[in-house]
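One structure below.
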Amino acid sequence: MLRLSIIVPHQDDDSQLETTLVSLLENRTRFHEVIVVHRGSYSDPYALDQDEILLLSAPGNAGLTQQLNLAVSAACAPVVQILFPGMQVSEGWCDEAIDELISQKHPVVSQACQIIGSGETILGLDRASMPHRRLAHSGCQSTAPMMNGTYFLKKTLQLIGGFFDRVPREGAEVELALLLDAMDLGFETATRKSLVGTRRAILGSESSYEVGRLCGLLACAYGAVEGSGVQVDSLAKQLGHLASGLISPKSVAERLGWVMGIRDHSWEREICDRLHAAAERLDNAEDSQDFNQYRRAA
């Protein structure tokens, strides 16, 4: 019986994808399946499809999060893990996380990731800084899951509506963390074994301005939904934050993007509908009693 479906989205570098596939094929067991999702961009030169991996083709105009949602639907195991090209695993890398999930302690478990060449270990996002996207390092008191390396109960991920497909990876990570909090769904970080990978695989590649803008858009939308737990600063305070970041070009770019995003109300209705639909599906699930044990008291 399959226990884990590992989803690897092809991006723009065949060699990084194949590095990850070699690592997975060397360390997986008969209880694991590997799904590579792409937009017709991977030619499968080693003829791995159907024999060693499932090669899943998404529409050519599908964004990354849409590709991931498609792969989740195709997954045969009750637990799915997202790994980006450039990641490498070791023997037994997933045992701790799967034990957490199968024992029904948490519906989402992230895994510590070490950046190759730097020794820097990322535990996820810093939950205390949400809805800003800040990284959580060792010693951080409260973390939220990033997309890379994280394990999900497939049914839980589908009940909450999957990944928000209007945004690239970095925005989808922030939105996922906000949604899990709004639904009172707990999560944990597995630290016994770290994954290793490139900086891009672990952290993503969007510009500081774009990350700030996406976070601002999401903060504005979530802040408009009562009970979401997100509060938006006044415009005066936002501009004060912007001024205080002028020393660092990266910081000022992110804060400028935040100010622009926080004033954009275009996602309010969509996020409101997404939250209400997720809550309704969780409440009405046939095994809602099982899901209620994951949900923290509001």
Side-chain angles (χ1 to χ4, degrees), residues 2-77 79-94 97 110-118 120 122 124 145-152 154 157 162-163 165 167-173 176 193-206:
L2 286 174
R3 300 183 75 198
L4 177 64
S5 296
I6 306 138
I7 297 171
V8 188
H10 178 256
Q11 294 181 288
D12 53 12
D13 190 326
D14 287 4
S15 66
Q16 290 297 306
L17 173 66
E18 288 157 6
T19 293
T20 298
L21 292 181
V22 168
S23 175
L24 286 170
L25 294 176
E26 287 177 345
N27 291 284
R28 74 169 182 174
T29 72
R30 61 188 178 89
F31 302 109
H32 305 151
E33 70 169 348
V34 179
I35 302 173
V36 173
V37 59
H38 67 117
R39 298 182 297 181
S41 53
Y42 185 60
S43 61
D44 188 23
Y46 303 105
L48 297 172
D49 189 20
Q50 303 303 328
D51 183 24
E52 299 289 348
I53 65 172
L54 170 61
L55 195 61
L56 190 63
S57 182
N61 61 351
L64 173 64
T65 44
Q66 292 171 311
Q67 294 175 62
L68 292 176
N69 285 334
L70 179 66
V72 169
S73 296
C76 293
V79 177
V80 298
Q81 180 186 30
I82 311 297
L83 285 179
F84 282 91
M87 297 303 300
Q88 298 177 49
V89 303
S90 56
E91 183 179 1
W93 85 95
C94 57
S110 59
Q111 188 158 12
C113 296
Q114 187 176 84
I115 299 173
I116 293 173
S118 74
E120 184 181 4
I122 307 298
M146 299 179 76
M147 195 174 287
N148 181 67
T150 296
Y151 306 78
F152 303 88
K154 174 182 172 177
L157 187 55
F163 300 112
D165 61 14
V167 295
R169 167 187 171 180
E170 292 79 5
E173 289 177 339
L176 175 68
K193 280 199 173 186
S194 295
L195 299 169
V196 298
T198 63
R199 180 171 292 274
R200 181 186 179 190
I202 296 171
L203 304 184
S205 59
E206 287 294 326

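The chain is numbered in sequence order, starting from 1.
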Next item on the list: Identify, with sequence neighbours excluded, every residue that meets side chain to side chain contact (heavy atoms under 4.5 Å, CB included) alongside Ser110.
Entry: Pro145, Thr150, Thr189
Notebook entry, point to check: What are the two closest non-hydrogen atoms of Ala58 and Gln67, and how far apart are they?
Noted result: CB-CG, 3.9 Å
Checklist line | Over all atoms of both residues, closest heavy-atom pair of Ile202 and Arg169 | finding: O-NH2, 2.8 Å
Note to self: Just verifying a value: how many Å separate Leu157 CG and Asn69 CG, rounded to the nearest 0.5 Å?
What the structure shows: 7.0 Å
Checklist line | Counterpart residues, side chain to side chain contact (heavy atoms under 4.5 Å, CB included), relative to Glu206 (two or more places apart) | finding: Pro168, Glu170, Glu210, Val211
Next item on the list: Determine the minimum heavy-atom distance between Ala71 and Ile35, stating which atoms define it.
Entry: O-CD1, 3.9 Å
Notebook entry, point to check: Tell me, do Leu54 and Val36 make a side-chain contact under 4.5 Å, heavy atoms counted?
Noted result: no
Notebook entry, point to check: So do the side chains of Ile6 and Val80 get within less than 4.5 Å of each other, counting heavy atoms only?
Noted result: no
Next item on the list: Decide yes or no for Phe163 and Leu64: does some side-chain heavy atom of the first lie under 4.5 Å from some side-chain heavy atom of the second?
Entry: no
Check: Should Ser57 and His38 count as side-chain neighbours, where that means a heavy-atom distance under 4.5 Å?
Finding: yes
Next item on the list: Please round to the nearest 0.5 Å and tell me the distance separating atom CG of Leu21 and atom CD1 of Ile53.
Entry: 5.5 Å
Next item on the list: Can you tell me which residue pairs pass the ring pair (Phe, Tyr, Trp, His ring centres under 6.0 Å) test with a partner in residues 48-73, sequence neighbours excluded?
Entry: none
Next item on the list: List the atom of Thr20, the atom of Met87, and the distance in Å for their closest heavy-atom pair.
Entry: OG1-O, 2.8 Å
Notebook entry, point to check: Does the pair Gln88 and Thr19 meet the rule for a side chain to side chain contact (heavy atoms under 4.5 Å, CB included), with working shown?
Noted result: CA-CA 7 Å; Gln88 298 177 49; Thr19 293; 3.9 Å; yes
Check: Can you find a pair of side-chain heavy atoms, one from Leu17 and one from Val8, that are under 4.5 Å apart?
Finding: yes
Next item on the list: Begin with the C-alpha distance, continue with both residues' side-chain angles, and end with the deciding distance and a verdict on side chain to side chain contact (heavy atoms under 4.5 Å, CB included) for Glu120 and Arg199.
Entry: CA-CA 10 Å; Glu120 184 181 4; Arg199 180 171 292 274; 3.2 Å; yes
Notebook entry, point to check: side chain to side chain donor-acceptor pair (under 3.5 Å): which pairs involve residues 26-35, sequence neighbours left out?
Noted result: Ser5-Glu33, Arg28-Glu52
Notebook entry, point to check: Considering residues at least two apart in sequence or located in another chain, which fulfil the ring-ring contact (aromatic ring centres under 6.0 Å, His included) criterion with Phe84?
Noted result: none
Check: Taking only residues two or more places apart in sequence, or in another chain, which ones meet Ala172 in a side chain to side chain contact (heavy atoms under 4.5 Å, CB included)?
Finding: Thr65, Met147, Val167
Next item on the list: Report yes if the side chains of Cys113 and Asn148 come closer than 4.5 Å at any heavy-atom pair, otherwise no.
Entry: yes
Next item on the list: Say whether, by atom type as modelled, one donor and one acceptor occur between the side chain of Lys154 and the main chain of Ala75 under 3.5 angstrom.
Entry: yes
Checklist line | Contact list for residues 51-77, test ring pair (Phe, Tyr, Trp, His ring centres under 6.0 Å), sequence neighbours left out | finding: none
Checklist line | side-chain hydrogen bond (donor to acceptor under 3.5 Å, both in side chains) involving Asn61 - partner list, sequence neighbours excluded | finding: none
Next item on the list: Would you please test Leu195 and Gln114 for side chain to side chain contact (heavy atoms under 4.5 Å, CB included) and show each step?
Entry: CA-CA 6 Å; Leu195 299 169; Gln114 187 176 84; over 6 Å; no
Notebook entry, point to check: Are side-chain heavy atoms of Gln16 and Gln11 found at a separation under 4.5 Å?
Noted result: no
Next item on the list: Work out which heavy atom in Leu2 is nearest to a heavy atom in Cys76; give both atom names and the distance.
Entry: CD1-CB, 3.8 Å
Note to self: Applying side chain to side chain contact (heavy atoms under 4.5 Å, CB included), can you list everything that pairs with Ser73, at least two apart in sequence or on another chain?
What the structure shows: Gln158
Next item on the list: List in chain and number order the residues that pass side-chain hydrogen bond (donor to acceptor under 3.5 Å, both in side chains) with Ser15, two or more places apart in sequence or in another chain; answer none if no residue qualifies.
Entry: Asp13
Notebook entry, point to check: Considering residues at least two apart in sequence or located in another chain, which fulfil the side-chain hydrogen bond (donor to acceptor under 3.5 Å, both in side chains) criterion with Glu18?
Noted result: Tyr42
Next item on the list: Measure the shortest side-chain to side-chain distance between Val89 and Leu83 over non-hydrogen atoms and say whether it is less than 4.5 angstrom.
Entry: yes
Item checked: Main-chain N/O of Lys193 paired to Gln111 side chain as donor or acceptor, under 3.5 Å -> yes
Next item on the list: Could I get the full list of side-chain hydrogen bond (donor to acceptor under 3.5 Å, both in side chains) partners for Gln81, not counting sequence neighbours?
Entry: Trp93, Tyr151
Margin query: Could you check whether any side-chain N or O of Arg39 sits under 3.5 Å from a backbone N or O of Ala62, counting only pairs where one atom can act as donor and the other as acceptor?
Written below: yes
